[in-house]
Asker: 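Sharing a structure, written as structure tokens. Questions coming.
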Amino acid sequence: MDSARSRLQVDRNHRKTVGEVFVENPRLTCRDIDVFYGEKQAIKNVSLDIAGNEVIAMIGPSGCGKSTFLRCLNRMNDTIDSCRVSGNIVLDDEDINQPGVDVVLLRAKVGMVFQKPNPFPKSIRENVAYGPRIHGLAADRNQLDEIVESSLQKAGLWDEVKDRLDDSGTSLSGGQQQRLCIARSIAVSPEVILMDEPCSALDPIATAKIEGLIDELRENFTIIIVTHSMQQASRVSQRTAFFHLGDLIEVGSTRQLFTNPKHQLTEDYITGRFG
Amino acid sequence: MTKIWGKRVFSSSLLDSRFLFLAATVVGVLLTLSIFAFMVMLGLPLFSVHSLTLLLTQAWAPDQGLYGVFPFICGTCAIVSLSLLIAFPLSLGNAILIHLLAPRRLARFLHQVVKMMTGVPTVIYGFVGIFFLVPLVREWFSRGSGMCILSAALLLALLISPTMILVFLESFSAIPATHLRALEALGGTRRQKLLHVILPGARTGIITGLLLALGRALGDTMIALMVAGNATAQPESLLDSVRTLTAHIALVMAADFDSIEFKTIFACGIILYLWTAVLTLSLRCLHFNYAKSSHDQSL
């Protein structure tokens, strides 16, 4: 097991990122991640540990690579033809950035919630049941119903939809749809949930609900959230990573990063001097 | 002042364009209906002598006073349904290959080929049919002339496939990318993507492609004329020569205008017209009901 991890130890000396890149007992270990879109380098030699049961926020100006980095973690960049990702990403002692990795299994372990709510044009029940069904997680109808109920409960949506599970998922409001998408991704019991600006299409009340939910979900999942809003990062996360032009500039506890940034760029960004 | 004037110009031009669209619609509908009325009117002398039922069920033997077009209805039916049976699965498979499975370069190449095929004149297909397909069919089955239902259906399948493939592809690419991303992020395989998102989402497009192909197959004259053999006898096997309704119209066109033979082409026209209309409408209804009742079949 430890060949992958010990190989990573070598790189400990190499760091240009300021702050606490490494943590004890990481859930996800990313080393020397480079991402290219054709000739253009979108992520430059980024290393980062992500602990279990933490919410880590990725912030930075548009085009800084934070979403690209997020998509490395469930291999969603595979769907882009010109995109090449190199480096090691270790989850559960397996380097998930190797060609032989079964992305179907990986994506069951690493769920994703998108910027715009994207429920399937199916019923609420079917939206949540879809993942467990294709991964064969439920033995029978009753078990599937239980998964649907518990996922919707964890996503804080159960009370609002329990009487209309057969209504279309698209009939819900934007905030409800996004919570439905969260329920859909937690229904397959992932370890990590990636959220790519999950509130950017929502109003403040729906946003507050999702943020509260993220805090609750931390008990069971590791959450990596990309956000444009620094207020949101400071409200929901324990650690924050600041990206700039493909570099990971600084990582640290959210409180420290926002009150006492160590890098000049971080300070400039959070004080609104650019961005 | 100018403002009021400007406003008037705006609203009146809006009104004008509305009239234009209305006029275009009315003319279109009237033309379609008047074609039908025209055929019925010109066919009336025939219907007054020979009952419609007889026309629809009798054999074609003008020398014995029989002017039925039943063999032609059978011929059309056989060729059209056989060609659709061949072309539909092929086209769907082809579209799936281009959209989802083939490597990008191959997909682009195939797409171009299909686009090019839509532009090939029908008579060229007919030529290839006569000199290539017909001898092959004759050799394979060593029966008849090779000008038969099977040859015509194979060739017609080739003719209608490109249209179907392009319509299918169009409807595949209209599937919202967000649904595909959602499925990928859940760990869905390519097969699940196809079966659970693409095909259900493209249902309307698939029906449309099928209808267009059906219309083209029903209406095609050249291939039937060149490859199906034009025999007036009742066909009994796929290797028999047949004459389709469209081919009958084209062939009898040269006959004396006052003869009964000539007047049967109006019967053929009416049958083709109603046939297309009824098939189109019923498929549309079927699809509409299906879409209504099953917005939510299991994924």
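Reckoned from all heavy atoms, side chains included, excluding hydrogens, waters and symmetry mates. Each chain gets a letter, A, B and so on, in the order the sequences are listed, and its residues count up from 1. Bear in mind the structure is a predicted one, so any value in this text is a computation, not a measurement.
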Asker: Specify the closest pair of heavy atoms between B:E184 and A:R107, including all atoms of both residues, with the distance to one decimal.
Answerer: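 Reported closest heavy-atom pair: O-CD, 2.9 Å.
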Asker: Chain A: which of B:G201, B:P176, B:A185 shares the most heavy-atom pairs with it under 4.5 Å?
Answerer: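 Option with the greatest count: B:A185.
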Asker: Got a sec: does the CD of B:E170 have more than 12 other heavy atoms crowding it under 6.0 Å?
Answerer: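 For B:E170, atom CD is not crowded (no more than 12 foreign heavy atoms under 6.0 Å).
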Asker: If the contact rule is any heavy atom under 4.5 Å from chain B, which residues of residues 169-185 of chain A qualify, in numerical order?
Answerer: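 Under the 4.5 Å heavy-atom cut-off, A:R184, A:S185 qualify.
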Asker: Do other residues, nucleotides or ligands put more than 12 heavy atoms under 6.0 Å from the CZ atom of B:F109?
Answerer: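 No, because the 6.0 Å sphere around CZ of B:F109 holds 12 heavy atoms or fewer from other groups.
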Asker: Grab the two heavy atoms, one from B:G188 and one from A:I134, that are nearest each other, plus how far apart they are.
Answerer: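 So the two residues come closest at CA-CD1, 3.7 Å.
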Asker: Would you give the length of the straight line joining atom CZ of A:R133 to atom CD of B:Q192, rounded to the nearest 0.5 angstrom?
Answerer: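 Interatomic distance, A:R133 CZ to B:Q192 CD, rounded to 0.5 Å: 11.5 Å.
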Asker: Who in residues 110-118 of chain A is close to chain B, using a strict under-4.5 Å heavy-atom cut-off?
Answerer: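 Listed by number, the contacting residues are A:V110, A:M112, A:F114, A:N118.
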Asker: Tell me, yes or no, whether the heavy-atom count around A:R164 atom CZ, taken from other residues, nucleotides or ligands under 6.0 Å, exceeds 12.
Answerer: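 Correct, the count exceeds 12.
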Asker: For B:L180, which atoms come within 4.5 Å of any heavy atom of chain A: side chain, backbone, both, or neither?
Answerer: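 Answer is neither: B:L180 stays 4.5 Å or more from chain A.
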Asker: Side chain, backbone, both or neither: which part of A:D81 has a heavy atom under 4.5 Å from chain B?
Answerer: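 Only the side chain of A:D81 comes within 4.5 Å of chain B.
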Asker: If you compare all heavy atoms of A:F120 against all heavy atoms of B:H179, which two are closest, and at what distance to 0.1 Å?
Answerer: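 Smallest heavy-atom distance, with atoms named: CE2-O, 3.5 Å.
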Asker: With chain B as the partner, which of A:V103, A:T79, A:L106 has the greatest number of non-hydrogen pairs under 4.5 Å?
Answerer: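 Option with the greatest count: A:T79.
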Asker: Which region of A:P190, side chain (C-beta onward) or backbone (N, CA, C, O), has a non-hydrogen atom less than 4.5 Å from a non-hydrogen atom of chain B, or is it both or neither?
Answerer: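 No part of it gets close to chain B.
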Asker: Examine whether an atom of B:R104 lies under 4.5 Å from a heavy atom of chain A, and if so say whether it belongs to the side chain, the backbone or both; otherwise answer neither.
Answerer: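 Only the side chain of B:R104 comes within 4.5 Å of chain A.
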